[in-house]
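Along the sequence shown, the residues carry numbers beginning at 1.
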Amino acid sequence: MKKDLNYYARKFAKLNVNRNNGVNAPHKPILLLAVIELIEQRKIQTNQIYLSPELIATFLKYWSNLVTTHHQSNIALPFFHLTGDKFWHLAPNMSYEGNLASIKPSLSALRNAVRCAYTDPELFELLQQSFSVLQLCETRACSLMYPFCPSIIN
């Protein structure tokens with residue numbers, strides 16, 4: 001399958017999110033929006049996404065402005081669990097000898113085990129193009145992302 005804009009629009013629309021009492025957890029869309037913003041600001045210039053203070057602050061900014069559910073803000077959850085959506089990957093620290101899949105997602109555990117995250121190269125290329133980002137955010141098919149996207153379009 002060709003990994004193009006339509007492919008990733010479908011992936012974003014079908015993010016595997018936790019559901020609690022019928023409410024989708026907003027963690028993954030919020031993290032993706034934070035990453036998109038940092039790419040647009042050229043604070044992320046290579047396909048290496050670190051759990052940096054800037055990423056955490058941007059995640060928390062979106063969280064405080066957009067999330068109205070009773071979920072707790074925890075960037076470690078989406079940073080770790082986005083791997084299940086098959087376009088987000090984790091690169092282990094050179095010194096880490098364990099299995100990344102077996103860690104409990106917390107900031108300290110991730111900082112110990114993970115050097116950075118990275119996306120599929122095709123997705124990273126698309127996220128560097130404003131047109132592609134707008135397409136992803138304007139596509140109502142991206143039902144999990146859409147409620148959060150208007151703030152970055154305006």
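- Side-chain N or O atoms of N93 include none that pairs as donor or acceptor with a backbone N or O of Y96 at under 3.5 Å.
- The closest donor-acceptor contact from the side chain of E37 to the backbone of A34 lies at 3.5 Å or more, if one exists at all.
- Nearest heavy-atom pair across T46 and I44 is O-CG2, 3.3 Å.
- Put simply, the side chain of P92 reaches to within 4.5 Å of the side chain of L100, judged on heavy atoms.
- Formation of a donor-acceptor pair under 3.5 Å by the K28 side chain with backbone atoms of L15 is not found in this model.
- Here the CG-OG1 distance, from L33 to T58, works out to 11.0 Å after rounding to the nearest 0.5 Å.
- Residues passing the side chain to side chain contact (heavy atoms under 4.5 Å, CB included) test with T83 are W88, L90, sequence neighbours excluded.
- Distance alone, capped at 3.5 Å, is enough to place a donor-acceptor pair between the K11 side chain and the D85 backbone.
- Judged by distance alone, the side chain of N74 and the main-chain N or O of S106 form no donor-acceptor pair under 3.5 Å.
- Within the 4.5 Å cutoff, the side chain of T69 has heavy atoms near those of the P26 side chain.
- In this structure, N47 CG and T119 OG1 are separated by 4.0 Å, a value rounded to the nearest 0.5 Å.
- Partners of L60 by side chain to side chain contact (heavy atoms under 4.5 Å, CB included), not counting sequence neighbours, listed by chain and number: I56, S73.
- Taking 4.5 Å as the limit, some side-chain heavy atom of F79 sits within range of a side-chain heavy atom of L55.
- Atom CD of E125 is surrounded by 12 or fewer heavy atoms from other residues, nucleotides or ligands within 6.0 Å.
- In this structure, CD in Q129 is found 11.0 Å from CD1 in I39, a value given to the nearest 0.5 Å.
- Shown here for L107 and A76, the closest heavy-atom pair between the two residues is N-CB, 3.7 Å.
- Residues Q48 and Y118 fail the side-chain proximity criterion, which asks for heavy atoms closer than 4.5 Å.
- Here L5 contributes atom CG and R10 contributes atom CZ; the two are 10.0 Å apart, rounded to the nearest 0.5 Å.
- Side-chain contact between F59 and V35: absent, with no pair of heavy atoms (C-beta onward) separated by less than 4.5 Å.
- Using a 30° and 60° split on the angle between ring planes, H27 and H71 fall in the perpendicular class, above 60°.
- Residues L77 and P105 approach most closely at CD2-CG, 4.1 Å, considering heavy atoms.
- Ring geometry for F87 against Y8 counts as perpendicular: the plane angle is over 60°, on a 0 to 90° scale with 30° as the lower cut.
- The distance from atom CD of Q128 to atom CZ of R42, rounded to the nearest 0.5 Å, is 7.0 Å.
- Within the 4.5 Å cutoff, no side-chain heavy atoms of E122 are placed close to those of Y7.
- In this structure, the separation between CG on D4 and CG on L126 is 7.5 Å, given to the nearest 0.5 Å.
- Inter-residue side-chain proximity for Y62 and N65 is flagged as unmet; no heavy-atom pair is nearer than 4.5 Å.
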Chi angles and distances behind the side chain to side chain contact (heavy atoms under 4.5 Å, CB included) call for L82, L32: CA-CA 9 Å; L82 262 171; L32 290 171; 4.0 Å; yes
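- Contact record, I75 with P78: O-CD, 3.2 Å, taken as the closest heavy-atom pair.
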Verdict with reasoning, L51 to V114, per side chain to side chain contact (heavy atoms under 4.5 Å, CB included): CA-CA 9 Å; L51 265 171; V114 175; over 6 Å; no
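- Counting heavy-atom neighbours within 6.0 Å of Q45 CD, excluding the residue itself, gives a total above 12.
- D120 and H89 form a side-chain donor-acceptor contact under 3.5 Å, judged by distance and modelled atom types alone.
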